[in-house]
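Encoded as structure tokens, the structure appears first; notes follow it.
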Number of protein chains: 2
Amino acid sequence: MPVPARPARGRPLLSHDRIVDTALELLHGLALKELTMRRLAQALDTTPAALYGYFRSQEELFAAVATRVVRGIELGALEEVADWRERLRLWARAVRSRQLEFASTVAMAQISPHIPASWFEVTAPLLRALEMAGLSGKALIDTARCFSRIVYGSILTELAQDPYLLQCERAEAGAALEHLTPSAAGQVAAILPYLGVQDNDALFEMTIDCALRGIAAGLPPPA
Amino acid sequence: MPVPARPARGRPLLSHDRIVDTALELLHGLALKELTMRRLAQALDTTPAALYGYFRSQEELFAAVATRVVRGIELGALEEVADWRERLRLWARAVRSRQLEFASTVAMAQISPHIPASWFEVTAPLLRALEMAGLSGKALIDTARCFSRIVYGSILTELAQDPYLLQCERAEAGAALEHLTPSAAGQVAAILPYLGVQDNDALFEMTIDCALRGIAAGLPPPA
DNA sequence: ACCTGAACACCGTTCAAGT
DNA sequence: ACCTGAACACCGTTCAAGT
């Protein structure tokens, strides 16, 4: 990440980029709620009001930050891969690793509705991979949307979950055991050892595998 | 939904349930950001400070609201269905329709990390359906988590998207057309008519179909 | 025991005034 | 043109004081 440097001599002191850079830097150590206009201004050695010369609102600023994160998704490696499945897998991994790096910005898309505008750069490689799989037209774009939803959805739910909740999962299942019919209780008991822990890396790969099998099985038969 | 009634005569005027009821009612007409302690107190004809006798913080109150929403997911119809695929489909639809009803509460899970504690009631039917498909042990719970991620992920991304973004999608693709190699431009042009509109109902069904095929194809071969 | 009123430490945003 | 200082209308939360 480029270190936001104050301009050498000439004015203006602020710039669109410098503000976004600093916001991203702060987000490495701050939750989204703690990234306030006042704090950001302080980190930039300026006044909250000065930021409004570059962004009409906090929402617009957040959108710019989210856009920057999406722009940083590294998709160059896809082109060297011949298998469409492998391309989709790489796409999913690239999106996830970038979004996890700035975990708090994922929630921005939830808070501010104006999602990053760099849609094309991210989606084009996905579309190309699905074309290689034999899709075209409406089926192509719809499948891309499905896959994208699955990938982003996995990331969102992964980030929404916290360790405390996972503990609850086990405790709740254990508590429910006593009020169940014997057969149902047996089913739950068989599950119990796997509750309360979760390997997010493995679960993500498994979800992608599931999606890939689903896409492959839904492909039109090769003529 | 039960209308929150003031208690007939005896005190106290407030209660855990009456507060959550009123919050849910307000959320039918208010965005999550607009559901403040002050506004909620006003709707309850009381003081913001009074709410802190029932919830330690706004976060805890939001968690209670989200829990109530999850509790309202109607899963009774699943039991009458023999096919596991159809059960999973019904599960997904039930979750979606309830969460869409209180769209703003979906973001609560993003904001407050303490997700609803009624995990078991919602997940148990899902686990049972996957058992019918032939899964057990770790594969069972992991597949349930995958499916749940796909379903919740689809809902989250659906809600995060707004019409304005979809317009951008088309505009951006159109703009990108000019800077592309002829062959790439041809690919994008073929896609263009399908951008900018989106049938969320159909896309959700398609995503679920994809997941079901993926799960079926990943099942252990029947002995 | 339950609630009120007032206060505290924050917010985003605006706008006249400075340079 | 760019930025500052001060203000406005809100927040969540706390706590002494009331009943």
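Chain letters run A, B, ... following the sequence lines, proteins first, then strands; residues in each count from 1.
- For the pair A/R56 CZ and C/dG12 P, the computed distance is 18 Å after rounding to whole Å.
- A/L88 CG to A/I208 CD1: the interatomic distance, rounded to the nearest 0.5 Å, is 9.0 Å.
- In terms of position along DNA chain C, the nucleotide closest to B/A50 lies nearer the 5' end than the nucleotide closest to the other residue of the pair B/A50 and B/R38.
- Base pairing analysis places C/dA1 opposite D/dT19; the two distances defining the Watson-Crick or G-U wobble pair are each below 3.5 Å.
- Considering only side-chain N and O atoms, A/R39 lies under 4.0 angstrom from the phosphate OP1 or OP2 of C/dC11.
- Shown here, C/dC11 forms no base pair; nothing in the strands shown gives a Watson-Crick or G-U wobble contact with both key distances under 3.5 Å.
- At whole-Å resolution of the value, CG in B/L40 and P in D/dT13 are 12 Å apart.
- Checking D/dC3, D/dT13, C/dC3 against the side-chain heavy atoms of B/S57 singles out D/dT13 as nearest.
- What separates CE of B/M37 from P of C/dC11 is a distance of 19 Å, to the nearest Å.
- The CD-P distance, from B/E34 to D/dC10, rounds to 13 Å in whole Å.
- OP1 or OP2 of D/dC3 has not a single side-chain nitrogen or oxygen of A/T47 nearer than 4.0 Å.
- Ion pairing between a basic and an acidic side chain is recognised when a charged N comes within 4.0 Å of a carboxylate O; B/D201 and B/R93 show no such pairing.
- Protein atom CZ of A/R18 is 14 Å distant from nucleotide atom P of D/dC2, rounded to whole Å.
- For the pair B/L32 CG and D/dC11 P, the interatomic distance rounds to 13 Å; values are reported in whole Å.
- Residue contacts for A/F55: at a heavy-atom cut-off of 4.0 Å it reaches no nucleic acid atom on any strand shown.
- At distances below 3.5 Å, at least one donor-acceptor pair connects side-chain atoms of A/R39 with backbone N or O atoms of A/E34.
- Ion pairing between a basic and an acidic side chain is recognised when a charged N comes within 4.0 Å of a carboxylate O; B/R71 and B/E121 show such pairing.
- For B/T46 and A/A49, each mapped to the nucleotide of DNA chain C holding its nearest heavy atom, the one lying further toward the 5' end belongs to B/T46.
- Contact annotation: A/Y54 side-chain N/O to D/dC3 OP1/OP2 distance is under 4.0 Å.
- Proximity of a side-chain donor or acceptor of A/R98 to a complementary backbone N or O of A/V69 within less than 3.5 Å is detected.
- Side-chain proximity of B/T36 to D/dG12, D/dC3, C/dT13: nearest is D/dG12.
- In this entry the distance linking CG of B/D45 with C1' of C/dT4 reads 13 Å, nearest Å.
- Here the C1' atom of nucleotide D/dC2 and the CG atom of A/L14 are 9 Å apart, to the nearest Å.
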